[in-house]
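One structure is given here, and the rest of the page talks about it.
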Amino acid sequence: MRLNDSTPVYPGDPAVDIDVTATFEDAGYFNTRLSLGCHIGTHIDAEGHMIPGGRMLDSYPLDRFHGRGVLLDVRSGAATPDVLGAGIDDGCIVLLWTGLSNAQHEPDYYSRVPELPMGLVDGLIACGVKMVGVDAGSIDGGPFAIHKALLSQGILIAENLVGFSAIASRAGSKVEEVGQVAEVGEFTVWALPLNLETEASPARIVAAFQPSGGEPSSLGDQAGQLP
């Protein structure tokens, strides 16, 4: 999700503000100043977002921000723990394909949260995944039980992702049954936040297929587009 003055903002959070501080005419170079909240656009939540005294993003080692990707189709809300044996294991980054990113410019975007069963969340924790990403404004709503369950176990959360359909179509996948792991081939997720001592940060997140060929699919730009 690109960051500009039209980026949707979680209710109560500050909007993106980009100010010009120097121009070629006045200074001989161009500079801008960026002001934004840490949960704007495509971003990653750390433990400190929901857990008192929890870790901030700068305390996680770099290997927590990349790993083998798994795309799990939950567009009907039908995912169950039964599917978790299909290629989800220790160190994976699981992408939950809800389809809600299609509504990112609708006024009620942030009120549309996925209905994920806690059994699915418990299964992901048991599998030892390192990060869970979702193509929605939030992985859940208040009282944020899913946030707390994942973050308390050291599992990072990436939100406001886009482009999951591009991952599936790129590999020629035809997901016939929702609630299944999409057979899209081997890919690696790189999810790199800024190195901030904060509870969250905007991030550039991409899916790179193996063997490498062509450009990676961006999970943080407009849906269906490649960078």
Side-chain angles (χ1 to χ4, degrees), residues 1 8 10-11 39 42-52 54 64 67-104 106 108-168 173-184 187 189 191 199-200 203 205 207 219 223:
M1 188 177 289
Y10 191 85
H39 299 264
T42 302
H43 66 276
I44 297 174
D45 292 343
E47 185 180 351
H49 177 41
M50 289 284 174
I51 309 302
R64 297 297 301 279
R68 187 173 71 83
V70 176
L71 180 63
L72 180 59
D73 188 351
V74 296
R75 285 175 292 172
S76 73
T80 70
D82 297 338
V83 305
L84 296 179
I88 300 177
D89 52 28
D90 184 58
C92 281
I93 294 179
V94 175
L95 306 178
L96 301 178
W97 185 7
T98 70
L100 292 174
S101 65
N102 296 332
Q104 64 182 266
E106 298 296 327
D108 62 345
Y109 170 61
Y110 279 104
S111 68
R112 303 186 190 187
V113 295
E115 297 180 3
L116 302 173
M118 281 305 298
L120 171 62
V121 177
D122 292 340
L124 293 173
I125 293 171
C127 287
V129 303
K130 65 173 63 173
M131 184 184 298
V132 176
V134 64
D135 61 337
S138 180
I139 200 167
D140 69 344
F144 306 109
I146 293 176
H147 268 88
K148 294 172 183 176
L150 293 172
L151 294 173
S152 66
Q153 297 301 312
I155 299 172
L156 296 162
I157 299 172
E159 296 171 321
N160 273 331
L161 299 174
V162 297
F164 288 180
S165 59
I167 296 178
S173 172
K174 294 183 179 178
V175 181
E176 306 255 336
E177 298 179 48
V178 294
Q180 298 296 319
V181 173
E183 299 295 335
V184 298
F187 67 96
V189 175
E199 83 294 343
I205 302 179
L219 306 180

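As a basis for the values below, the full set of heavy atoms in this structure was taken, side chains included, without hydrogen atoms, waters or symmetry mates. Positions are given from 1, in the same order as the sequence printed here.
Scanning both residues, D89 and V129, for their nearest heavy atoms gives O-CG1, 4.2 Å. For the pair D135 and L96, the tightest heavy-atom approach, listed with the atom from each and the gap, is OD1-O, 3.1 Å. Of all non-hydrogen atoms in F187 and L95, the two that sit nearest each other are CE1-CD1, 4.0 Å. Closest of all the heavy-atom pairs between C92 and V70 is SG-CG2, 3.9 Å. Between A103 and R112, the shortest heavy-atom distance links the atoms CB-NH1, 3.1 Å. Minimum interatomic distance between A149 and M118 (heavy atoms only, all atoms of both residues): CB-CE, 4.1 Å.
A distance of 8.0 Å separates CD1 of I157 from OG of S138, quoted to the nearest 0.5 Å. From E199, atom CD reaches atom CE of M50 across 9.5 Å, with rounding to the nearest 0.5 Å. Note that CG of L72 is 11.0 Å distant from OG1 of T98, once rounded to the nearest 0.5 Å. With values rounded to the nearest 0.5 angstrom, H49 atom NE2 is found 10.0 Å from K148 atom NZ. Here the straight-line distance linking atom CD1 of I155 with atom NZ of K130 works out to 11.5 Å at 0.5 Å rounding. Atom CZ of residue R75 and atom CG of residue L100 lie 11.5 Å apart, to the nearest 0.5 angstrom.
Residues passing the side chain to side chain donor-acceptor pair (under 3.5 Å) test with R64: none are found, sequence neighbours excluded. The side chain to side chain donor-acceptor pair (under 3.5 Å) test applied to D90 returns no partner, not counting sequence neighbours. Every residue two or more places apart in sequence or in another chain that forms a side chain to side chain contact (heavy atoms under 4.5 Å, CB included) with A158 is listed here: I44, M131, L161, I205.
Y109 places a side-chain N or O within 3.5 Å of a backbone atom of G137 that can act as its donor or acceptor partner. With hydrogens and angles disregarded, no donor-acceptor distance shorter than 3.5 Å links the side chain of D140 to the backbone of L116.
No side-chain N or O of T42 forms a donor-acceptor pair with one of N160 less than 3.5 Å apart.
Taking the side chain as every heavy atom from C-beta outward, I139 and L150 approach each other to under 4.5 Å.
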